[in-house]
Amino acid sequence: MRVLIAALAIVGFGISDVALAEDGFGPQPVAPASQAFKLGKLQLVVLRDAQIVLHNDAKVFGVDVGAAAVGEVLKASGLPEDRLTLSIDALLVRTGRRVILLDSGLGPKANGALIASLKDAGVAPESVTDVVITHTHGDHVGGLLDAAGGLAFPKAVIRMSAAEWAWMKSQQGAAALVKAIAARVETFTAGKPIAPGVTPIALDGHTPGHVGYEIVSGTHRLLDIGDLAHSSIVSLRRPDWTMGFDSDAALGKVTRKATLARLAKDQELVFSPHFPFPGVGHVGHVGADGDGFSWKPGVP
Ligand SMILES: [Zn+2]
């Protein structure tokens with residue numbers, strides 16, 4: 001139970017008192033890794049941070065259908081039925097003179113490997129000009145601070161939606177982080193570009209101001225879906241099941257189904273922070289009953 005609470009605290013609001021699990025569940029350290037690829041003329045790099053192993057106990061996945069139903073979906077994909085393993089990754093985009101990091105991982109308090117992965121990619125934290133945030137759960141903003149509590153990316157502007165910043169400031173567990181980053185935060189309204197080729201897209205339901213990021217170069221497009229979907233298996237096969245981390249579960253389902261349908265139709269490239277590293281690929285339709293989607297991993 002303690003482990004579950006620690007895991008929920010990390011993926012939920014709090015980023016303090018992060019304890020590494022000892023029984024194979026909860027946040028797990030990973031070896032640093034980076035994977036570069038091109039999107040049109042842009043250079044993108046996926047950066048590995050950590051992974052988290054959750055019990056299949058209907059507290060996060062399949063809250064409305066139960067663990068047995070979730071287990072069936074996992075089993076059909078050849079995976080263990082008792083757990084769900086999620087990656088925690090971030091994406092780096094170089095556009096013009098900007099070096100833009102999309103999300104920041106768990107951070108050093110949880111042994112996140114992001115800074116080491118960044119070094120692996122040949123990027124110094126001081127050279128990051130913008131850290132753009134999909135939402136303010138701990139596995140996306142924990143890495144904004146270094147181990148000493150200072151800014152991990154000292155020269156970067158931190159960008160998030162106005163709604164998300166307002167919500168973050170209302171969360172007691174985020175008070176220390178809010179104080180540390182406040183002077184660097186600039187907010188936006190989704191739908192307008194924040195850098196050449198980078199536009200935040202509202203993906204409602206997960207948190208009050210959750211966004212994805214559309215990256216465009218010429219005719220090439222990629223959507224960083226943030227936490228629209230967490231499991232490349234369960235969230236895609238059954239997007240209509242309640243996700244315990246969504247603040248508005250009903251809205252989360254509607255957004256998840258509509259966005260996955262659009263991505264499958266357009267065959268747009270996708271990056272997911274929580275799908276197996278490097279989390280880049282396409283969404284497909286599941287043929288048999290026409291309901292639900294599949295993940296087709298592959299870096300261009
Ligand atoms: Zn997340």
Side-chain angles (χ1 to χ4, degrees), residues 4-16 18 21 25-30 46-55 59-61 63 83-91 101-107 109-114 117 131-144 158 160-161 163-164 167-168 171 173-174 177 200-213 223-236 239 241-249 251-253 255-256 259-260 270-280 295:
L4 175 71
I5 290 165
L8 288 171
I10 284 165
V11 183
F13 309 123
I15 58 156
S16 55
V18 170
F25 287 89
Q28 309 282 325
V30 299
V46 180
L47 303 160
R48 198 152 192 227
D49 181 58
Q51 69 178 16
I52 187 162
V53 183
L54 300 171
H55 291 278
K59 291 189 172 139
V60 178
F61 288 92
V63 173
R83 64 193 60 200
L84 295 102
T85 300
L86 309 180
S87 278
I88 300 175
D89 302 318
L91 184 66
L101 179 64
L102 288 80
D103 288 333
S104 66
L106 282 169
K109 281 186 179 171
N111 293 339
L114 181 76
S117 296
V131 185
V132 304
I133 300 299
T134 59
H135 66 295
T136 55
H137 283 165
D139 53 321
H140 299 260
V141 294
L144 289 173
I158 298 165
M160 68 181 80
S161 75
E164 191 69 11
W167 181 65
M168 188 186 192
Q171 302 298 308
L177 182 55
I201 305 292
L203 294 173
D204 298 333
H206 185 58
T207 59
H210 179 253
V211 299
Y213 289 93
L223 184 66
D224 177 339
I225 62 172
D227 280 13
L228 174 80
H230 291 76
S231 161
S232 64
I233 306 298
V234 177
S235 309
L236 264 60
W241 284 354
T242 294
M243 196 327 131
F245 292 149
D246 286 350
S247 62
D248 184 334
L251 186 55
K253 292 178 189 187
T255 304
R256 190 158 43 250
T259 307
L260 292 172
V270 169
F271 167 71
S272 160
H274 293 312
F275 290 1
F277 180 84
V280 176
W295 179 237

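These numbers come from a predicted model, not from an experiment. Counting convention: from 1, in listed order, for ligands and their atoms alike.
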Checklist outcome for this item: Asp139 OD2 to His140 NE2 via the Zn ion (ligand 1), rounded to 10°, gives 90°

Item to check | Reported CG-to-CG distance for the pair Leu47 and Asp89, which is rounded to 0.5 angstrom | outcome: 8.5 Å

Item to check | Euclidean distance, Phe245 CZ relative to Asp227 CG, rounded to 0.5 Å | outcome: 9.0 Å

Checklist entry - So do the side chains of Ile52 and Asp139 get within less than 4.5 Å of each other, counting heavy atoms only? => result no

Checklist entry - Does the gap between the ring centers of His230 and His206 come in under 6.0 Å? => result yes

Item to check | N, O or S from His230 under 2.8 Å to the Zn ion (ligand 1) | outcome: no

Checklist entry - What's the atom name of the N, O or S in His274 nearest to the Zn ion (ligand 1)? => result NE2

Item to check | Atom nearest to the Zn ion (ligand 1) - Asp227, N, O or S atoms considered | outcome: OD2

